[in-house]
Participant: 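Got a structure for you, written out below as structure tokens; questions coming shortly.
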Amino acid sequence: MDLHDPHAELRAAQDKVHRLRADFPILNRPLTYGGKARTLVYLDNANTTQKPQIVLDTLMGYYQNSNANVARAIHSLGEESTRIFEGARDRVKTFLNAAHREEIIFTKGTTEAINLVALTFCDGLSAGDEILLTEMEHHANLVPWQMAAARYGLTLKFIPFDDNGVLQIEKLPELWTDRIRLVAVTAMSNVLGTINPLAEIIAFAHARNVPVLVDGAQAVPHQKIDVQELDCDFLAFSSHKMCGPTGFGVLYGKKDLLEKLPPYQGGGNMIRSVWLETFDTNVIPYKFEAGTPHMEGAAGLAAAIDYLETVGLDWIHRYEQLLLAYTMEKLVLVPGVTVYGNAPGKGGIISFLVNGIHAHDLSEYLDRKGVAVRAGHHCAHPLARRLGVVSTARASFYFYNTIEDADAFVEAVREAVDKL
Ligand code: PMP
């Protein structure tokens, strides 16, 4: 390692990254644009991540060998499928270091997990009660609360962020009232990349006996989260953003809180006994898992977690920060580039615009070079309004992105500036 090279650690990691890339068939697929062969530079990981072969094999293997409905059939295959499904719950429990396996509820993703809490938790609130959010939330952690607010007469309050995209938690005392019943905050912004000071927010809320829901969609895939250490009351995340299958996700909730909430959806599995006029509710986690679940989704997420833990979540977090620093250093040299979100210690997300070029034109140009980024409001309209933009282009990293990917991205932006 060359100690004078500021990017020596990043360069030294490239062998490992290239080895890992070989696990992802899609990263090696050929692409052509206008008859020209391109290598895929996939920088849309905040949107969804690619899947390693072991996850693909697990999904196929589930259907080839073990498919049967869970928790219903008294036959060997049904028992095997149930073992796989409930084994995935144990896997998620250890991954998060949850205290109890019943605290792991399977959902179809972050969005459903938050809707579940918004509908059930707010059912016990009174008109005039308040929910505290932030101005940087994804619609998934905003609209469910707006819907609950309309239904139960609640008021929503918001912690603002500054021009660097840093959450202004110093405003917590002045925003706080004794009507606040829940705080719901993203661990990491999907637009700004800001990693929020969850420990401080949780300590502040808990000192006032108020629970905290964490939207972990952008955090759980990229850093180690220990729910007992963090002491969050709810945590939501999606499998598809962490190398797992789509249509699957997790709500973690503290046992005593989950037990107090009413059921979410009605149907099979969430009941113990049913009469024509009424039903007895099942215990957690089944109380919140009505209907036939996404069995292979659970198997696939467990395989993805095994994979990510082998790669190392601390390593992933460190590597993405190094790649972000390297890319930013080059990107800011391109004339006319504005980056939105410059919070210290932010995660591997770069939202940006180039003078006068519409984000969609920019991303279309990059796409022709094989560079996949996202353009739009990134499901965070209020955040975009606060930034004073309609849309931005967004490059987002995962551990399989290389220095070559970063160089190709910056070079394509530079060319776009010249050509558009
Ligand atoms: N919250 C954040 C911060 C996100 O980035 C996303 C996905 N873009 C979501 C919630 C919603 O996740 P999903 O669509 O997987 O439910």
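Remember, it's 1-based here, ligands and their atoms both numbered in the order they're listed. Remember, predicted model here, so these are calculated numbers, not experimental data. Because only heavy atoms are used, hydrogens play no part in the values below, and waters and symmetry mates are left out as well, while side chains stay in.
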Participant: Need the ligand 1 atom indices (1-based, order shown) with element for anything under 4.0 Å from a heavy-atom of Ala140.
Facilitator: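 Listed by number with element, the hits are 10 (C), 11 (C).
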Participant: Phe234 and Tyr252: aromatic ring centres closer than 6.0 Å?
Facilitator: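 When the ring centroids of Phe234 and Tyr252 are compared, they turn out to be at least 6.0 Å apart.
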Participant: Would you say the side-chain atoms of Arg394 pair up with the backbone N or O of Asn190, donor to acceptor, closer than 3.5 Å?
Facilitator: yes
Participant: Under 6.0 Å between ring centres: does that hold for Phe24 and Tyr400?
Facilitator: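 Ring centres of Tyr400 and Phe24 closer than 6.0 Å.
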Participant: So, does Glu112 sit close enough to ligand 1 that a heavy atom of it is under 4.0 Å from the ligand?
Facilitator: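 Heavy atoms of Glu112 never come under 4.0 Å of ligand 1.
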Participant: Heavy-atom contact check, 4.0 Å cutoff: does Asn141 meet ligand 1?
Facilitator: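 Asn141: no contact with ligand 1 (<4.0 Å).
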Participant: Assess the pair Phe409 and Tyr42: is the distance between their ring centroids shorter than 6.0 Å?
Facilitator: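 No: the rings miss the under 6.0 Å criterion.
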Participant: Tell me which part of Thr111 gets within contact of ligand 1: side chain, backbone, both or neither, using heavy atoms under 4.0 Å.
Facilitator: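 For Thr111, the contact with ligand 1 is made by both the backbone and the side chain.
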Participant: By number and element, which atoms of ligand 1 are closer than 4.0 Å to a non-hydrogen atom of Asn190?
Facilitator: 5 (O)
Participant: Can you list the steps and then say if Ile316 with Gln223 is a side-chain contact (heavy atoms from CB on, under 4.5 Å)?
Facilitator: CA-CA 7 Å; Ile316 290 173; Gln223 63 188 98; over 6 Å; no
Participant: Just checking His222 against Tyr398, ring centres under 6.0 Å apart?
Facilitator: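 Yes: the rings meet the under 6.0 Å criterion.
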Participant: Should you measure from each heavy atom of Ser238, which atoms of ligand 1 turn up under 4.0 Å away?
Facilitator: 12 (O), 13 (P), 15 (O), 16 (O)
Participant: Looking at ligand 1, does any of its N/O atoms fall within less than 3.5 Å of an N/O of Lys241?
Facilitator: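 Between Lys241 and ligand 1 (N or O atoms, distance only) the closest approach is under 3.5 Å.
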Participant: Pull out every atom of ligand 1 sitting under 4.0 Å from any heavy atom of Ala217, numbered as shown with elements.
Facilitator: 1 (N), 2 (C), 4 (C), 6 (C), 9 (C), 10 (C)
Participant: Under a 4.0 angstrom heavy-atom cut-off, which atoms of ligand 1 come close to Gln218?
Facilitator: 3 (C), 4 (C), 5 (O)
